[in-house]
Amino acid sequence: MAEPADTDEHKVGDAAARLGLSGTIAALERQARAQAGDDEALFHRTMAMLLYGRWASVSYHVDRRQCTLPQESAQADLLITLAIDHRYAARTVGG
């Protein structure tokens, strides 16, 4: 399969892929904690929302390139799994 032309969208997606998954998740955790404070259920709901957003970004990048790199697929799978886990935790903590 031919490599797509270098567009701005492609470059943005590649930069996001290079950011690193663990660094991205840590940054999202800091952002969610800052928004939620001591409210644990709100923290988990916010994390789920942020992770779904990141998952959508990775998935869009894969779809736009019309190819699926194993690393990108694995990242998307992990992000959606974490988002589901945080949604479950928010329901458990929040009652």
Side-chain angles (χ1 to χ4, degrees):
M1 178 174 285
E3 188 66 22
D6 252 349
T7 64
D8 286 339
E9 287 175 356
H10 186 166
K11 290 176 187 173
V12 167
D14 285 346
R18 284 193 300 271
L19 180 60
L21 191 57
S22 61
T24 298
I25 292 169
L28 295 179
E29 286 176 344
R30 287 191 298 273
Q31 184 180 349
R33 186 55 72 195
Q35 292 178 29
D38 292 332
D39 187 332
E40 201 64 17
L42 179 57
F43 165 74
H44 288 295
R45 284 195 302 271
T46 304
M47 263 309 275
M49 180 189 68
L50 294 172
L51 288 162
Y52 275 121
R54 179 60 63 177
W55 171 81
S57 174
V58 171
S59 296
Y60 175 80
H61 175 57
V62 171
D63 290 345
R64 286 291 285 174
R65 291 178 64 182
Q66 298 181 348
C67 64
T68 303
L69 302 177
Q71 179 185 10
E72 290 171 327
S73 291
Q75 286 180 1
D77 289 347
L78 178 59
L79 290 168
I80 201 70
T81 298
L82 290 175
I84 291 167
D85 289 348
H86 277 283
R87 278 182 48 192
Y88 176 77
R91 284 196 304 270
T92 302
V93 172

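Everything numeric here is computed off the predicted structure, so don't read it as measured data. Nothing fancy with the numbering, it's 1 onward along the sequence.
- Just one of Arg45, Arg91, His44 meets the side chain to side chain donor-acceptor pair (under 3.5 Å) condition when paired with His86; it is His44.
- A 4.5 Å side-chain heavy-atom check between Met47 and Leu28 finds at least one atom pair inside the cut-off.
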Between Leu21 and Leu79, does a side chain to side chain contact (heavy atoms under 4.5 Å, CB included) hold up when you go through it step by step? CA-CA 9 Å; Leu21 191 57; Leu79 290 168; 3.9 Å; yes

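- In this structure, Arg87 and Tyr52 have side chains that are in contact, with non-hydrogen atoms separated by less than 4.5 Å.
- A pairwise comparison of heavy atoms in Ala41 and Val93 identifies N-CG1, 3.7 Å as the closest pair.
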Could you walk me through whether Trp55 and Leu50 satisfy the side chain to side chain contact (heavy atoms under 4.5 Å, CB included) test, starting with their C-alpha distance in whole Å, then the side-chain angles of each, then the deciding distance to 0.1 Å, before giving a yes or no? CA-CA 9 Å; Trp55 171 81; Leu50 294 172; over 6 Å; no

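- Residues Ile84 and Met49 share a single hydrophobic cluster, defined by chaining ILVMFWY side chains whose heavy atoms lie under 4.5 Å apart.
- Between the side chain of Arg33 and the backbone N or O of Gly37 there is at least one donor-acceptor pair closer than 3.5 Å.
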Applying side chain to side chain contact (heavy atoms under 4.5 Å, CB included), run through Ile25 and Leu82 and close with a yes or a no. CA-CA 10 Å; Ile25 292 169; Leu82 290 175; 3.4 Å; yes

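- Connection of Leu51 to Leu78 is established within a shared hydrophobic cluster, with ILVMFWY side chains joined at heavy-atom distances below 4.5 Å, either directly or through further cluster members.
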Run the side chain to side chain contact (heavy atoms under 4.5 Å, CB included) test on Arg54 and Thr24 for me, step by step, so that the C-alpha distance in whole Å, both residues' side-chain angles and the decisive distance to 0.1 Å come before the verdict. CA-CA 9 Å; Arg54 179 60 63 177; Thr24 298; 3.5 Å; yes

